[in-house]
Each structure stands twice: as structure tokens, then as C-alpha cells.
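See below for the structure under consideration.
Note that ligands are numbered from 1 as they come in the structure, with each ligand's atoms numbered from 1 the same way.
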Amino acid sequence: MSSLALVGTEASLAWQAARKFLATADIRTCPDMASLLAIFASGAVDFALFPVYNTREGEQKQQFRFFDRITQGYWVDNVVLYSQISLGVFDPSQPPAELRSVLGTRDALSQSEEYLESHLPHATVITVADVQTALATFGREARQSVAVLDSEERLRGMGLHVLEREIAPYNRTRFAVVGRTLAAPSGYDATVFTTEPLADRVGVLVDILGEFSRRGISIQDLRTENDVKTQKLRIYLEVEGHIQDPGIAAAVEYIENRVIQQKGAMRLLGSFPRVDMRTKHIRTIGFIGTGAMSRWFAERLRGEGYEVLLSGRQTELRPEEMIARADVVIVCVPISVTRATVSRYAPLLDSGKALILLAGESEENLRAALAGTRADVEVMLVHNLWGPRAATMRDKNAIVVRTAKSGILCSEFESFLYKHGAGIFHDTPRRHDLLMGIGQRLPTIISVALAMSLHDNRIAGEDIASHCTLTSLYPILAMARVHSQNPRTYAEIMATAGDSSKIARDFVKNLNKVIALADASAIPALIDQINANTHTFDGHFLETCMQQARAIDDVLSRML
Ligand SMILES: NC(=O)C1=CN([C@@H]2O[C@H](COP(=O)(O)OP(=O)(O)OC[C@H]3O[C@@H](n4cnc5c(N)ncnc54)[C@H](O)[C@@H]3O)[C@@H](O)[C@H]2O)C=CC1
Ligand SMILES: O=C(O)C(=O)Cc1ccc(O)cc1
């Protein structure tokens, strides 16, 4: 049987946490943290468990010191427990204003600070190790004027009346479990480090963090402390991933060798299944469509701890069955079949779920989704402006079209895009389609027509490369790119409905006007036209485009 040490009585939250971690554990209770750490260090127990964070109190201030004393062993797991604190009295007829003292454990009192300040500002606060033992020493008289903080169940058990329930809402405590050996990867992990006190160095904190973000490793938590004696900075870092992931190992090696320049400066406290203190509302996300984009998103959503289900025309899991199981259903099929797919499956979503369309055409598809879903099903469209060959969402843009029916599930999906570095732009359905005429449909049409013109005139690839000017290089590159990827993607883009067709129609009209002026050698009129156009392109516009172009150059050159 495994043994575990903790501080607390059988009634304590720590005890509950220990049971949750290992129901069969042989629990040894210690009077304080010093003896807990000593018993773990002596090897007498397999595990130690202690609180490190509370949503109301913040971090355990002594955490750095605790871990300094755990020289052999690793942080291997966590338990998060919700605890409800209520206010009880012996005599409910006593007006609350006449309560002279409030009694509770140190944790309960500090978690209820906000309530005590506003409701019982004049009461004397009495901190006790165990409420029941302390109350036994109170005489009848003293009991009349004391209020007690504890769980509702325990208050009633001690014969008190509950005056107010849940006085410290959202009260959750995270306990660390420390064991002897490093936990194996679970596929959804986090890793924690502390540093030794750091010598002064310009930018050391930024450079340490930068090594993680450069590798796409998300930092979940960061704390700093000044070492008591030397007042040098120490850092506590919690990052996503396991220490055995190559990216994390490489970041640590680089930081020790190049940033801090001291071997062993980053102390690994441990890796463990990731803890989400933030409230998540989505558990399961299901896709209709098993194509490149569905698989791209599925992989990253799984990395966030969601259960992801893929369904399509050929999968064993039928879309109907997937819809029954998923909280969020994502339609990710070719644009031309999105509307029919939405109309077919939208009515199957139960109340309280969300339908998200991942598609390049907005107005018609959202109309079908809004019309086809129940009143309290959320609806939103996301158009990611990158293809399935992109490595990350960093520096890429996503257009998000929210509707009156977009709610917390949609927001959680949006947060996922934001977290991974995407730039998020909100549009109305119409505006999205109109802008995609310029951003996507027309350039694709031009690319295809340009290639057709090369063919008509028997112009070969090497002839273009040798005759490109700086200005013509970009459209030529776009042409090459359109013709080097999945043709279906670009056929679908050209065939999008909505206001993007207006852009193509206007283009044809304007193309003919410009050709007529050019054929007539109407140089002044052409100059006037260019001057009139220039107003649209101020310095800021050019700068933004050049920045994006540089990023594209980077991507393209890496692909070669
Ligand atoms: N590929 C890309 O570069 C990008 C795609 N998107 C969007 O993602 C969506 C999906 O694109 P991809 O995954 O790239 O396409 P894909 O061609 O790789 O996959 C499409 C999926 O839809 C299924 N499908 C095809 N016809 C169907 C029909 N009639 N009924 C039901 N399912 C059908 C296919 O079996 C396949 O599972 C599109 O709406 C597109 O606008 C968005 C941004 C980039
Ligand atoms: O990578 C490229 O060139 C793309 O154009 C990718 C792409 C394809 C389809 C979209 O709806 C959005 C982006």
C-alpha cells in the first residue's frame, strides 16, 4: 500500500484531496509543513501532498521554500478541490451586527476575507487549527456571540444554524502531490521549474520566457520572488508539455547554456497531467468532415485536452452519433457543400450545444445554420486564413463571424485560436464575404487566368522568372502557389457565393476601362487614375503589407 503524508485532520480538504489522488493510500498526518517535508525527505512515505494555490488567496507564498527542501523527488500530480464555506451561528435570533467574533481555520478565514471585510468588519477574528476542538472550549455565553466559518455539513454536524451559504464563491484549492519518480508523459502535461537566485543581467526574464514562446510552448504560470538573503530574482515557471518533449528539453538547455549561462540553473520540479484552474465549458468537440483542415484543428484541440471526434461520409462513427456526443459540432467540408451539410445536421444539435462553421463563405452558410438550429444552440463562423501546411497559428489571421446566438462555447473556441497566436478579426457575414472577394476570390481568379494566358502565349516558367520586375513578382508567386496546392481548395474559393462576386464583376468592368485607356495611350488619364487610387494606400497600409510579405517570404523560403 502506498503511503502519503499531509497536514490536516480527517475532516480537512487535504485529506479529501489525498483520497481523490489515491483512495487506498495509507495517510500519515503531520502537524505542520516542516514535519511533512522532513518525513518525505526521510523516505518514510511515498508521497507528500500540500496546497500550492487557491483561487481566492492566490499562490502559497512559501512554495519556493517548500520545494527547496524537496531535493529528491518530483511534483507528479495535482488535485483540485472545490470547497464551500458557510457562516454558522448557535443562536439564529442573534442579529448579525451583534456577532463579536468569527472563528475558523486560517485557510477558511483568509479565503473569506472579502466577505468578512464587507459583512463583519468589527468582529474579532479567531484562527484555530480545528474548529470542533476550539468550540468545545467555548462556554454557553461565548457561543451566543460567535460566528463560525466551515462547510455547511460540518456546521450542521456541530449543531450550528447556517446563516449564509457559500460566502466565498469560486473557492478552489490546488494541491501538489510530490512523489519519488518523474511522472510518465500522459499526452496532456505541464512542467514546472524554479531557477536558482539569478545574477543581475539585462533582459534575463524576457530571454528565458522568449525561449519557450519561440518554440511555441505556452507558459501557464509565472511567479517571481526575491531570494530573502541575497534579494536576487528567482523564477517559478509552469509551461505546457512534458520535460521529455524535445521542445522543452531544448529550451532548458538553451536557457542554461546561453541565457543564464549556468548549468543546473533551471531546476526541474516535475511534469504532470496539466491542471486547468480556468473554467472550461467544452469537453467534446466533433467534426463533420475528415479532410486536411479538420485533422489540423483536431490535433491542436486534442493538445488542449478536449476529446475530439471526427466523422464524415466514410467514417464508422456516423455524424448523427457524433452530434449526440459532442458539446461543439464543427462543420468543415468544402465550401460548396457546407450549406447542404449545415441544413442536414443543424436540427440534430441539442439545446445548449454549439455549431461552428469552419468555412470560407459566410452569409448563406450562417443563414442556414441560424435557421436550422434550435433557439438555444450557439452559432458562429470561423474562417482561418491559413492552410493545413501551416505549422502554427502564430502571425496568421482568423476571421470570426459571431452571431446573436454565439455564446460561451463559441468564446471558448475563439480563446483557443487566440491562445495559439492567431490574429482575430471580427466581421459581419456580409463584410466577410465582400472582403474575401479582394483577399481571396479575385486574386485566385487572376492567378488562374494569368496561367491560362501564359499557356495561350506559350510562355515557359524560366521566361517569367527572368523577366519579372519587383512589382510583378508577387502576382506571379501567387499564381505559382495556387497551382502547387490542392486544386479543389482554390476551385472552391473561386466559386464562393455572396458579395465576393460583386468584387469580381467590378474588376472585369474596371479592367476593361483601364485597357481602353491604355490602348488609347491616354497617359494623363492613366496618371489621374493612379493618383486617385493612391489615397487608399497610405504609409501604414504599405507597412502592414510589407510586414506580412516578409513573413510570407520566410514561409516560402523555408518550404524550398
Ligand atoms: N484547405 C485550406 O487551405 C483551407 C480550408 N478552409 C476551409 O476548410 C473547409 C474544409 O477544407 P479542407 O479540409 O481543406 O478540405 P478537404 O477536401 O481536405 O476535406 C473536405 C472533407 O469534406 C468531405 N466532403 C466532401 N464532399 C462532401 C459532401 N458532399 N458531403 C459531406 N462531406 C463531404 C470530404 O470527404 C473531406 O472529409 C472548407 O470549408 C474550407 O473553406 C479554410 C482555410 C484554409
Ligand atoms: O496558403 C494559402 O495560400 C491559402 O490561401 C490557404 C487558404 C486556403 C483557403 C482559405 O479559405 C484560406 C486560406
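- In Val337, the part holding a heavy atom less than 4.0 Å from any atom of ligand 1 is the side chain.
- A cation-pi arrangement is present between Arg214 and Tyr254 under the rule of less than 6.0 angstrom and at most 45 degrees off the ring axis.
- Interface atoms of ligand 1 facing Thr489, defined by a heavy-atom separation under 4.0 Å, are 1 (N), 2 (C), 3 (O).
- Distances below 4.0 Å separate heavy atoms of His383 from the following atoms of ligand 2: 10 (C), 11 (O), 12 (C).
- Taking only nitrogen or oxygen atoms, main chain and side chain alike, Asn384 does not reach within less than 3.5 Å of ligand 1.
- Both cation-pi conditions hold for Arg223 and Tyr236: the charged atom is under 6.0 angstrom from the six-membered ring centre and inside a 45 degree cone around its axis.
- Of the heavy atoms in Ile493, none comes closer than 4.0 Å to ligand 1.
- Contact check on Glu361 versus Arg367 returns no salt bridge, with no Lys/Arg side-chain nitrogen under 4.0 Å from an Asp/Glu carboxylate oxygen.
- In this structure, Lys280 satisfies the cation-pi test against Tyr306, with its NZ or CZ atom closer than 6.0 Å to the six-membered ring centre and inside 45 degrees of the ring normal.
- Under 4.0 Å from ligand 1, the heavy atoms of Arg313 that appear belong solely to its side chain.
- On a distance-only criterion, Gly289 and ligand 1 share no N/O pair closer than 3.5 Å.
- Distances between N or O atoms of Cys332 and those of ligand 1 include no value under 3.5 Å.
- For Tyr490, a nitrogen or oxygen atom sits less than 3.5 Å from a nitrogen or oxygen atom of ligand 2, counting backbone and side chain alike.
- Annotation: Thr489 places no N or O atom under 3.5 Å from an N or O atom of ligand 2; distance criterion only.
- Both the backbone and the side chain of Ile335 come within 4.0 Å of ligand 1, counting heavy atoms alone.
- Between Trp386 and Trp296, the ring planes lie tilted relative to each other; the angle falls in the 30° to 60° range.
- Residue-to-ligand polar distances place Met293 within reach of ligand 1: an N/O pair is separated by less than 3.5 Å.
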Under 3.5 Å donor-acceptor pairs involving side-chain atoms of residues 506-518, not counting sequence neighbours:
from   : atom 1 : to     : atom 2 : distance (Å)
Asp506 : OD2    : Lys502 : NZ     : 2.8
Asn510 : ND2    : Asp506 : O      : 3.1
Asn512 : ND2    : Val508 : O      : 3.2

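- For the pair Asp499 and Arg430, the salt-bridge criterion is met [side-chain N within less than 4.0 Å of a carboxylate O].
- With a heavy-atom cut-off of 4.0 Å, Arg389 does not touch ligand 2 at all.
- A salt bridge links Glu211 to Arg215: one of the charged nitrogens lies within less than 4.0 Å of a carboxylate oxygen.
- On a distance-only criterion, Pro388 and ligand 1 share no N/O pair closer than 3.5 Å.
- A salt bridge links Lys263 with Glu256: the closest approach of a Lys/Arg side-chain nitrogen to an acidic carboxylate oxygen falls below 4.0 angstrom.
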